[in-house]
A.B. asks: 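Structure incoming, see below.
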Amino acid sequence: MTEAGLVHERLADWYAHAARDLPWRRAECSPWGVMVSEVMLQQTPVARVLPRWLEWMDRWPTPAATAAAPAAEILTVWDRLGYPRRALRLQAAAAAMVERHGGEVPTTAEELRDLPGVGEYTAAAVACFAFQRPEVVVDTNIRRVHARVFSGKALPGKTYTAAQRQLAREVMPATFDDDGALACTWNIAAMELGALICTARAPRCASCPVADLCAWRLAGSPPATEEEKTRGQAWAGTDRQVRGAIMAALRQGRPVLQWRLLDQLPLPEATAQQRLRCLESLVADGLAVRGISTDPEEPGETVIALPGLLDSPQDPSHQVLPASPGAQ
DNA sequence: AAATCGGGGAG
DNA sequence: CTCCCAGATTT
């Protein structure tokens, strides 16, 4: 296997001049800013996160501010980043920080891991990038870089295996407990290499600082096996597409009559059964709320809205429907 | 280990 | 058109 020491030096030098200037990487960025960026970046490219992160941090620059925001606004600012449950979990994580951590982002991976929406990757990333702790950070980019540089494979495969986790530990630079700088540089540099050079589709090996050390190149750049390829998730016709269309309609901001909402989805192929099933799942997830219209024009009609929009002083025309699972 | 959960830009 | 992106949670 390729020795890690020289790779550390090469990547650190490369990162020093090639790194993108992202706002959540700046020294003045708060731990909360790092936390917000990591959650937004889960399965979502940097280019699409940037504008949403800037608006979020402008409106809710602290966990306390985020925890106090109406859920409807949280989901509206999240916009079309995808997987909107992430937005609610980020708010729930903010609330947990207010309750259990004095309104501060916890500093250890163990504490971070206990927050809603924070898994192995995000806990390690926040601990490392916000608090300079020498955690082993492994995302999809780093898995791919490790697979190529150290294991000589084209792609790492779909699942994060125990062997890959062990490899990630082994190739970490030696660090002292009181100084995670080396580890942080290694993590962020490997991630950046995967994002800019060692890409999944068409790697730019001509510009790679470790091309001459890469086990995959030295093996002749063999193509990915069928096992290694990640088959893309289907999209057209899925519940995810229908749920997305419902959320897009609700993001317009006003409560909508349920029959009209489901009837006017721009998805001709979706059956009435699927539309209703998806709406139920969104309500179950807390992403939508059902209520009863008190509007004289259509009294008693079922209405749907983003959470927190019903029964407000600004809009007395609708009431929240008391929990009744069978309601339609 | 496998399914589910968004959305859009790049190839 | 297909692929893939700083994953987490549930089954």
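Throughout, a chain's letter reflects where its sequence line sits, starting with A, and its residues are numbered from 1. Predicted, not measured: the structure shown is a model, and the values here were computed from it.
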A.B. asks: Return the nearest nucleotide to the side chain of Ala200(A); candidates are dG6(B), dG7(C), dC5(C).
C.D. replies: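 Per side-chain heavy atoms of Ala200(A), the pick is dC5(C).
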
A.B. asks: Would you indicate what Gly82(A) reaches in the nucleic acid, counting non-hydrogen atoms under 4.0 angstrom: base, sugar-phosphate, or nothing?
C.D. replies: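 Base contact.
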
A.B. asks: Other residues, nucleotides and ligands only: do more than 12 of their heavy atoms fall within 6.0 Å of CZ on Arg204(A)?
C.D. replies: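 No, not enclosed.
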
A.B. asks: Send over the distance from Tyr83(A) OH to dC4(C) P, rounded to a whole Å.
C.D. replies: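 My rounded result for the distance is 14 Å.
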
A.B. asks: Mind checking the C1' distance from dC5(B) to dC4(C)? Whole angstroms is fine.
C.D. replies: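 Here dC5(B) and dC4(C) have their C1' atoms 16 Å from each other.
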
A.B. asks: Would you mind classifying the nucleic acid contact of Arg143(A) as base, sugar-phosphate or nothing, using non-hydrogen atoms under 4.0 angstrom?
C.D. replies: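 Arg143(A): no heavy atom of the nucleic acid under 4.0 Å.
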
A.B. asks: Which is more 5' along DNA chain C, the nucleotide nearest Thr140(A) or the one nearest Lys229(A)? Just name the residue.
C.D. replies: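 First, find each residue's nearest nucleotide; the 5'-ward one identifies Lys229(A).
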
A.B. asks: Among dA6(C), dG8(B), dG7(C), find the nucleotide with the atom closest to the side chain of Trp24(A).
C.D. replies: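 For Trp24(A), the side-chain atoms sit closest to dA6(C).
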
A.B. asks: Can a salt bridge be assigned to the pair Arg277(A) and Glu280(A) using a cut-off of 4.0 Å between side-chain N and carboxylate O?
C.D. replies: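 So Arg277(A) does not pair with Glu280(A) through a salt bridge.
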
A.B. asks: Figure out the CH2/P separation between Trp78(A) and dC5(B), and round it to whole Å.
C.D. replies: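 It is 17 Å, rounded to the nearest whole Å.
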
A.B. asks: For Arg243(A), is there an ion pair with Asp285(A) - N to carboxylate O distance below 4.0 angstrom?
C.D. replies: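 Answer for the salt bridge query: yes.
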
A.B. asks: If I take atom CD in residue Glu192(A) and atom P in nucleotide dA6(C), what distance separates them, rounded to the nearest angstrom?
C.D. replies: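 Nearest whole value for this atom pair: 10 Å.
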
A.B. asks: More than 12 heavy atoms of other residues, nucleotides or ligands under 6.0 Å from CD of Glu269(A): yes or no?
C.D. replies: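 Check passes, neighbour count above 12.
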
A.B. asks: Among dA8(C), dG7(B), dA6(C), which nucleotide sits nearest the side chain of Arg251(A)?
C.D. replies: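 Selected nucleotide: dG7(B).
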
A.B. asks: Mapping Arg113(A) and Met191(A) to their closest nucleotides on DNA chain C, which lands nearer the 5' end?
C.D. replies: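 With Arg113(A) and Met191(A) compared, the 5'-side residue is Met191(A).
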
A.B. asks: Regarding Glu192(A) and Arg25(A), does a basic nitrogen lie under 4.0 Å from an acidic carboxylate oxygen?
C.D. replies: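 Judged by the 4.0 Å cut-off on N to carboxylate O distance, Glu192(A) and Arg25(A) do form a salt bridge.
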
A.B. asks: Between dA6(C), dG6(B), dT9(C), spot the one nearest the side chain of Val46(A), thanks.
C.D. replies: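 Minimum distance to the Val46(A) side chain belongs to dA6(C).
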
A.B. asks: Please state how far atom OH in Tyr160(A) lies from atom P in dA8(C), giving the value in whole angstrom units.
C.D. replies: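 From Tyr160(A) OH to dA8(C) P: 11 Å.
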
A.B. asks: Is it true that Arg275(A) and Asp263(A) have a side-chain N and a carboxylate O under 4.0 angstrom from each other?
C.D. replies: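 A salt bridge is absent here (no side-chain N lies under 4.0 Å from a carboxylate O).
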
A.B. asks: Taking atom types as they are modelled, is there a donor-acceptor pair under 3.5 Å from the base of dG7(C) to the side chain of Arg86(A)?
C.D. replies: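 A donor-acceptor contact between them is absent.
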
A.B. asks: Indicate whether OP1 or OP2 belonging to dG8(B) is found under 4.0 Å from a side-chain N or O atom of Arg80(A).
C.D. replies: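 Answer is yes, contact under 4.0 Å.
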
A.B. asks: When rounded to the nearest Å, what value does the distance between C1' atoms of dG9(B) and dA8(C) take?
C.D. replies: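 It works out to 24 Å between them.
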
A.B. asks: Are OP1 or OP2 of dA8(C) and a side-chain N or O of Thr122(A) less than 4.0 angstrom apart?
C.D. replies: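 Affirmative; the distance criterion is met.
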
A.B. asks: Sticking with atom P, work out how far dG11(B) lies from dA6(C), rounded to a whole angstrom.
C.D. replies: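 Pairwise P distance, dG11(B) against dA6(C), rounds to 14 Å.
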
A.B. asks: Identify which nucleotide among dA8(C), dC4(C), dA6(C) has an atom closest to any side-chain atom of Gln42(A), counting heavy atoms from C-beta outward.
C.D. replies: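 Side chain of Gln42(A) sits closest to dA8(C).
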
A.B. asks: Between Arg240(A) and Arg201(A), just flag the one whose closest nucleotide in DNA chain B comes earlier from the 5' side.
C.D. replies: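 Nearest nucleotide further toward 5': that of Arg240(A).
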
A.B. asks: As a test of reading the structure: which of dA6(C), dT9(C), dC5(B) is closest to the side chain of Arg243(A), going by heavy atoms?
C.D. replies: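 The nucleotide sitting nearest to the side chain is dC5(B).
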
A.B. asks: Does Val118(A) reach a base, just sugar-phosphate, or nothing at all? Heavy atoms under 4.0 Å.
C.D. replies: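 Answer is sugar-phosphate: Val118(A) comes under 4.0 Å of backbone atoms only.
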
A.B. asks: Taking the P atom in each of dG6(B) and dT11(C), what is the distance between them to the nearest angstrom?
C.D. replies: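 Here dG6(B) and dT11(C) have their P atoms 16 Å from each other.
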
A.B. asks: Please classify the nucleic acid contact of Ile142(A) as base, sugar-phosphate, or nothing, using heavy-atom distances under 4.0 Å.
C.D. replies: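 Here Ile142(A) touches no strand at all.
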
A.B. asks: Any base atoms under 4.0 Å from Gln233(A), or only sugar-phosphate, or nothing? Heavy atoms, all strands.
C.D. replies: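 Contact class for Gln233(A): base.
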
